[in-house]
Each structure stands twice: as C-alpha cells, then as structure tokens.
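In what follows, a structure is listed as structure tokens, so that the remarks can point back to it.
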2 protein chains.
Amino acid sequence: MQFDDKVPIYYQIKNYLYHRIIAGQLAPGDKVPAVRQLAVDLTVNVNTVQRALSEMVTEQVLISKRGRGNFVTEDVTQIAALKHHLIVTYVQQFYHQVHGLELSDDEIVQELRTYIATQKGADK
Amino acid sequence: MQFDDKVPIYYQIKNYLYHRIIAGQLAPGDKVPAVRQLAVDLTVNVNTVQRALSEMVTEQVLISKRGRGNFVTEDVTQIAALKHHLIVTYVQQFYHQVHGLELSDDEIVQELRTYIATQKGADK
DNA sequence: AATAGTGTCCTATTTATCTATTACACTATA
DNA sequence: TATAGTGTAATAGATAAATAGGACACTATT
C-alpha cells in the first residue's frame, strides 16, 4: 500500500479498513488480519497498526477479543452510519476545495462528470 | 484561520495561498503580505510561513525580492496551469474516495448534487 | 503440558514539524 | 545617514509520529 506522507500513516490505515468494511470485503463479524500480519502486508510497524486498530475498537467499529483477534462489529446500523459519515465528509471536503477555486456549482459537477468519463474508457 | 491537525501547517498555508491567487484576491504581480504579518494573521510562527513561501518561490508561483517582499508571478499561464492541476487533483481524490465506498458513478454525482442543493438554501 | 497465534504494553530512538529567538542582508524613505 | 520594513538564515527546544525490540496475557490446538 502507498501512503501520503502528509497524513499520519495510522490515520490512513484506519481509512483503508473503513473502506474495506464498507465495501464488504470485511463483513460484519469477520476477523481482521492479525496486527503482525497487517504490519507485514502494509510494510509498516506493528505499533502503527496497533494504534489504528485500537482507535477503531474505541469507536466500536471493531471488537477486540484478546488472544483471538479483532473482529468487525456485527452492528450493521453502525456500519451504515459510518458509510454515510464518510460520504458526507468527502463530499463536503471536495465541494469546498473546488468552490474555493472559483468554480460555479455547475462547473463543479461538470468537472466531476468529465473525470468519470475519462475513467470509463481507461481499462484497469 | 483553522488548521487540520492531520496535515502540516506549512502545507495548508501553501494551499491557502494557492486558492487566494487563483481566486484573484492575490493578482499577478501583487505583493504577498509580509511574512511577519502573515504569521500574525494566521497565528503561526514566522518560520512556518517562511517554509510555505520559500517552497512556492521554488515552484515559481511566487517571486522573492529581498528587502521588498514576495510577489505573485505575472505568468498567467502558470497560474492557469496551477488551477487546472488543483482541480484535477481534487476531483481525482474525491472520485477515488467515494468510489472506494462502493458508490456507482451515478450515485457519486447524485451525492454531490444533493450536497450542493443543501448549500443553496444555507445562508452564509 | 507445550506450543503457536493472538492482542497488548513498554521503553528507547529517530525524524518531521512547529515554535521561539536572534541575527544578518537588502530596500525604501524620512 | 538613520530607521523601519522587508526577506533570509541559524540555533535550540518541544511535540507527535513512526520505528525497533522486547515482554506479557490470553486462546486454541496438539
């Protein structure tokens, strides 16, 4: 995985796991890979992974079972809320970024559409 | 100004100035506020402002004139390129963030539209 | 009982960022 | 020629993040 050096790695790991959970690659009740395994996979220190996971346990997105592993919450309502929260956050951030560049609302939508169009043709 | 504690302040200052330049609040040839003044305005250390400005000088977005101040480049082509670069960066980032949450292209556009609609009614 | 796989905790070190402070170089002007 | 306003540089200290390495507690399995 590739990290943005302008944002803490533990924070990016949290977002990575959020996305995997919401995308269903990590389903409710699923066991998250072991911290040591994740550290290897992400080429990162165990403590950095641990920080990300422990915050997600505090948020009750993950449930920690000592000696067994960390598991995705089975509370699907909470996962849905998380998804909604992330969407709103991303949309807000994007809108304010581009609006600050003096683009009209229509132009903002148009820029997005144009980009999506270029993505369709691009294989992989 | 309010900073995101997950991103270096000097980096956020750069973006703030980019936006002011592109929005025309800082026109080509204009003098940027003095480093010490900016430091006061942004409630930040002089060195932090200096780091932001010196990087922008390296990028040739600003021209440094010792003893006089820092000035916005008069190369409007470059400013246009900067604007375009920022737009593309923001759109890309947004698209991949939301696409990673299993939203279809249509849903992505719809979420943006919905948010914009809520903004229109919101005064201030 | 022993072992392997877990989560969790702790200490120490390094690096990047931010701050504080001082100093110096150049420009414009009273 | 002083003086004030600029940019620039250098040093030192504080904090957060990441790393490295080790240790301990619990669980499941052999």
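Keep in mind that what you see is a predicted model, and the values were worked out from it rather than measured. Letters go in sequence order (proteins before strands), and every chain restarts at 1.
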Inset, instruction - From the options D/dT6, D/dA10, D/dA20, select the nucleotide whose nearest atom is closest to the side chain of B/Asn47. - result: D/dA10

Inset, instruction - Treat each ILVMFWY residue as a node, draw an edge where side-chain heavy atoms are under 4.5 Å apart, and state whether A/Tyr10 and A/Met56 are in one component. - result: no

Legend entry - Comparing A/Gln12 and A/Gly67 on DNA chain D - which has the more 5′ nearest nucleotide: A/Gln12

Legend entry - Integer-rounded Å distance: D/dT27 C1' and A/Lys65 NZ: 12 Å

Inset, instruction - Could you check B/Glu59, B/Lys83, B/His85 and say which one makes a side-chain hydrogen bond (donor to acceptor under 3.5 Å, both in side chains) with B/Tyr18? - result: B/Glu59

Inset, instruction - Give the rounded distance in Å between these two atoms: CZ of A/Phe3 and C1' of D/dA17. - result: 13 Å

Legend entry - Spacing between B/Phe71 atom CZ and D/dT6 atom P, to the nearest angstrom: 10 Å

Inset, instruction - Have a look at B/Arg66 and say if it touches a base, only the backbone sugar-phosphate, or nothing, with a 4.0 Å heavy-atom cut-off. - result: base

Legend entry - Phosphate OP1/OP2 of D/dT8 contacted by B/Ser64 side-chain N/O (<4.0 Å): yes

Inset, instruction - Kindly give the heavy-atom pair with the smallest separation between B/Asn45 and B/Ala39, and that separation in Å. - result: C-CB, 4.0 Å

Inset, instruction - State whether A/Arg51 places a side-chain N or O below 4.0 Å from either non-bridging phosphate oxygen (OP1 or OP2) of D/dA17. - result: yes

Legend entry - B/Asn70 CG to D/dG5 P, straight-line distance once rounded to whole Å: 18 Å

Inset, instruction - Among C/dT8, C/dT27, D/dT19, find the nucleotide with the atom closest to the side chain of A/Gln50. - result: C/dT8

Inset, instruction - Check whether more than 12 heavy atoms from other residues, nucleotides or ligands sit under 6.0 Å from atom OH of B/Tyr11, and answer yes or no. - result: no

Legend entry - Which nucleotide in C/dT6, C/dT19, D/dT8 has an atom nearest any side-chain atom of A/Ala34: C/dT6

Inset, instruction - Scan B/Arg36 against the nucleic acid and name what it touches under 4.0 Å (heavy atoms): base, sugar-phosphate only, or nothing. - result: base

Inset, instruction - Starting from C1' on C/dT17, measure out to CG on B/Asp4 and report it in whole angstrom. - result: 14 Å

Inset, instruction - Would you kindly give the CG-to-C1' distance between B/Asn45 and C/dT17, to the nearest whole Å? - result: 11 Å

Inset, instruction - Examine D/dG5: is either OP1 or OP2 under 4.0 Å from a nitrogen or oxygen in the side chain of B/Arg68? Give yes or no. - result: no

Inset, instruction - Give a yes or no on whether A/His96 atom NE2 has more than 12 heavy-atom contacts from other residues, nucleotides or ligands under 6.0 Å away. - result: yes

Inset, instruction - Measure from CG on B/Asp5 to C1' on D/dA16 and round the result to the nearest Å. - result: 10 Å

Inset, instruction - Ignoring backbone atoms, test whether B/Ser54 places a side-chain nitrogen or oxygen under 4.0 Å from the OP1 or OP2 oxygen of D/dT8. - result: no

Legend entry - C/dT19 phosphate, OP1 or OP2, under 4.0 Å from B/Thr48 side-chain N/O: yes

Legend entry - Nearest-Å distance for atom pair OH/P, residues B/Tyr10 and D/dT8: 17 Å

